[in-house]
Amino acid sequence: MNVEPSSSNDRIRRLGRLTLKELREILRDRRTIITLVLMPLLMYPLLSVAFNQFFVSQLNVVKTPRYKLGFDQEREGQYFASLLHGAGLQVINVGDEQAAAELDSDKPIVEMGFTPQLAEQLREYDIHVGIRFEPPGRAHLDPRHDLSIKVELLYRDDWISSREAAAYVEKYLSIANERFLDARLKVLHVTQPAAAIRVVRQRVEDRGATAGGVSITAIVPFILILMTVTGAVYPAIDLTAGERERGTLEVLVAAPIPRLGVLLAKYVAVLTVALLTAAANMLTMTVTILVGGFGKLLFGEAGISAGAIAAVFALLLLFAAFFSAVLLAVTSTARSFKEAQAYLIPLMLVALAPGVLSLMPDVELSGLLLVTPLANIVLLGRDLLKLQASASATAIVVASTLLYAGAAIGVAARVFGAESVLYSSQSGWSDLFRAPRESQNAPTITAATFCLAFMLPAYILLFNLLSQAGSDLVVQQISGVVMTVAVFGAIPLVACRLRRVRIGPAFHWPHHPIAVFAAALVLGLSFWVISYEAVQVIHHLRGATFDGKSLEALQEFAGKLRKLPLAFTLLTMALVPAFFEEWFFRGYLFPALHTKTTTATAIVVSALAFGLFHAINPSPLAPERVVSTTLVGLVLGWVRWRTGSVLPGMVLHGVNNALVLVPVFYEKQLAELGIGTLHTEHLPAAWIAGGAIAVCVAALVLFLSTSSENHETSSGVRG
């Protein structure tokens, strides 16, 4: 029977009704209500009680606190005791219980001892505050003479008693400062700094002295993510394996809705329940923290902010989008509810392992952890709550999780659409890895997303290994070539082989005149002027400045580079990266995007991916580099579309890279023209005007030299 195709609005309305139907069924189930409402209401009050008990035992809170101060030298300790005594605070020696009994019981007891290793004593919890003097050994209390010293208070931010002791001592130092200044001002005709004592509080980070300890701040996002996952598990099982066991899945697929539409409705339902669970847990945990007064204990003096809560919830949304698709992909292959549960047990163990490791206090969000699912979300959530998250780390975590989410949705679509999953008792994973019967002119968006999801962690892993290659610049350059070939060359090539994608269409040259190559060459020679000035504009807009160490490091690298042969440098840093980056971004990714999106979308998305990959390398000019490389990527994408080949783009890319490196070898000659080579000065106005004119002329020549049919037929994208 032939069914007339319905309109787009009808399909959307049916899809909406199906989504609401799935949501109603899930939200009516008492197991969902228990996970969504009852568990947060019961769990967090119990956690607050346990947390209070933890702090009572861990921090040894008593009615009268005792703070132990540590000094490098005995003379400084005696002077400090006299200073605080003048401010109204009595300091006793460690272990002097008789003196402690004579003190005011309403005030904390302050003891002092002497140790040559203040920081180490802090990490071992032997002292609460370490005190240093600058300059040492020159302190006095005579108001007839000038006094200007610096007192460093070393404390631990993750130890509440240490923070309180530092604040307590600093308060009495302020009193002593004021009293000394009052006495000093009584002496006429003597200059005196307004601040006689400058106090600097310096945190001492824990570098593993508490082996087996846990980062309390990381527990909050970890619990939230764990509960979000828990909320999504039951709906994912019930809407796939559950319906298959009840025999309703075949009926649902037979409805006049595309199979992917059915999957989308189930995905939205699972994601919605996961987000409702996350919101309920977020709200309950926030109320518990505020009511219990744990804000300052967990997150320092600033406490917990609304912005941090919103940022963490955005991370939960991101992670829920990824994990909901993973759950649907796994549960779609199960024949029954119990079988799906058996599949999810190892999945949960594998997923939670990196999250548990991220709870260690000395784990930083860097290296491969930036792209490790769950661990990167937990660590970024921890840093956001402590207001310590960096922009580059946040961008990498968000980008990698989005890639994983896209890849997981692609897997779920392929598994759910497999006939063996819907109509037979056999597993559908074989359909996921089965190659197409016919060769393809371009990869699919799903395949490209998979490829990017593999490339990003591989790039970061190899980059970290490259940083350990030693100080020999030749070895570093060769290692960089190997990394570029492996990431941008080998991984896309393997992906093409697995999915039977023909490589020829991407490199096909449709017999254009030599003017196209000439135009690409001129674009490469001139567009660097625009990208260079874009760096300057962004640099000034964000008010960034080079510190001495950054400039020194850049100059040192430029000096090492000048010792290498120019040809070797151009080959390893300009030509090889240009070839293999074009191989992937315009030869593989661009046609994958162009199969399902508009030309403008394909150009912009491939350019953004090109720019973001160049932001992974740490650099003081990382934001500027993203902008400049994205601009170059837009031009390269346009050239790829007009010519139908990556060859002109490789010429443009290689020349542009070379013009970034060549000035390093001719720094003196450029300096005589008033041009710097460290991206700190604008180019002459004549250069900017000439470069802009050359770009326009070259683009016009390339446009006129390529036919409108070429980029539709010979690029391997259409038809």
Side-chain angles (χ1 to χ4, degrees), residues 60 62 64-157 159-187 190-204:
N60 195 23
V62 292
T64 303
R66 300 186 72 151
Y67 300 137
K68 187 183 296 184
L69 313 181
F71 298 87
D72 286 322
Q73 301 178 13
E74 184 175 358
R75 179 179 178 183
E76 293 181 354
Q78 294 173 351
Y79 167 76
F80 198 80
S82 301
L83 185 67
L84 293 181
H85 180 72
L89 179 64
Q90 185 69 37
V91 179
I92 64 174
N93 293 324
V94 174
D96 192 347
E97 298 299 331
Q98 182 177 356
E102 297 174 357
L103 296 177
D104 187 352
S105 60
D106 294 334
K107 292 183 178 180
I109 299 174
V110 180
E111 304 173 312
M112 68 175 185
F114 308 100
T115 175
Q117 297 178 339
L118 297 179
E120 192 62 31
Q121 293 294 311
L122 267 173
R123 297 188 184 100
E124 295 291 343
Y125 296 94
D126 290 334
I127 60 174
H128 293 87
V129 177
I131 299 174
R132 294 190 187 127
F133 282 67
E134 290 186 10
R138 300 181 183 178
H140 60 81
L141 293 174
D142 190 351
R144 293 174 299 177
H145 302 284
D146 290 344
L147 175 62
S148 180
I149 61 174
K150 182 171 74 171
V151 177
E152 284 190 347
L153 302 182
L154 283 71
Y155 72 104
R156 287 188 53 162
D157 191 52
W159 187 14
I160 183 174
S161 294
S162 180
R163 293 205 309 264
E164 291 178 347
Y168 190 69
V169 171
E170 189 174 357
K171 181 182 74 171
Y172 277 93
L173 279 176
S174 299
I175 298 173
N177 201 18
E178 293 176 1
R179 291 186 179 181
F180 180 88
L181 186 57
D182 289 339
R184 185 72 181 97
L185 292 177
K186 293 179 181 179
V187 181
V190 177
T191 60
Q192 168 63 38
I197 302 172
R198 293 179 291 115
V199 180
V200 178
R201 294 177 62 173
Q202 179 179 343
R203 288 189 298 181
V204 175

For this session: Could you please spell out the steps behind the side-chain contact (heavy atoms from CB on, under 4.5 Å) verdict for Val169 and Phe80?
Result: CA-CA 10 Å; Val169 171; Phe80 198 80; 3.6 Å; yes

For this session: Verify side-chain contact (heavy atoms from CB on, under 4.5 Å) between Leu83 and Leu173, making sure each step is shown before the conclusion.
Result: CA-CA 8 Å; Leu83 185 67; Leu173 279 176; 3.6 Å; yes

Exercise. What do the steps show when you test Val110 against Leu69 for side-chain contact (heavy atoms from CB on, under 4.5 Å), and what is the final call?
Worked result: CA-CA 7 Å; Val110 180; Leu69 313 181; 3.4 Å; yes

For this session: Could you go through the side-chain contact (heavy atoms from CB on, under 4.5 Å) check for Asn177 and Ile175 one step at a time?
Result: CA-CA 5 Å; Asn177 201 18; Ile175 298 173; over 6 Å; no

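The two residues Ala166 and Leu153 have their closest heavy-atom pair at O-CD1, 3.8 Å. Considering all non-hydrogen atoms of both residues, Lys68 and Val94 come closest at CG-CG2, 4.0 Å. Nearest approach of Leu122 to Gly130, heavy atoms of both residues: CD1-N, 4.3 Å.
Contact annotation: the side chain of Val151 never approaches that of Arg132 to less than 4.5 Å [non-hydrogen atoms, C-beta and beyond].
For the atom pair CG of Leu84 and OH of Tyr79, the computed distance is 9.5 Å after rounding to the nearest 0.5 Å. Here the straight-line distance linking atom CZ of Arg179 with atom OH of Tyr172 works out to 9.0 Å at 0.5 Å rounding. Rounding to the nearest 0.5 Å gives a distance of 10.5 Å between CG of Asp72 and CZ of Phe114. The CG atom of Leu154 sits 6.5 Å away from the CG atom of Leu118 when rounded to the nearest 0.5 Å. Taken from CZ in Arg156 to NE2 in His128, the straight-line distance is 11.0 Å, to the nearest 0.5 Å. Expressed to the nearest 0.5 Å, how far CD1 of Ile109 lies from OH of Tyr67 amounts to 11.0 Å.
Geometric assessment of Arg163 against the ring of Tyr168 yields a negative cation-pi assignment under the 6.0 Å and 45° thresholds.
Scored by the side chain to side chain donor-acceptor pair (under 3.5 Å) test, Gln121 finds no partners at all (sequence neighbours excluded). Applying the side chain to side chain donor-acceptor pair (under 3.5 Å) criterion to Gln90, with sequence neighbours excluded, gives His85.
Within the structure, salt bridge (charged side-chain N to carboxylate O under 4.0 Å, His left out) pairs that include any residue of residues 108-119 comprise Arg66-Glu111 (at least two apart or interchain).
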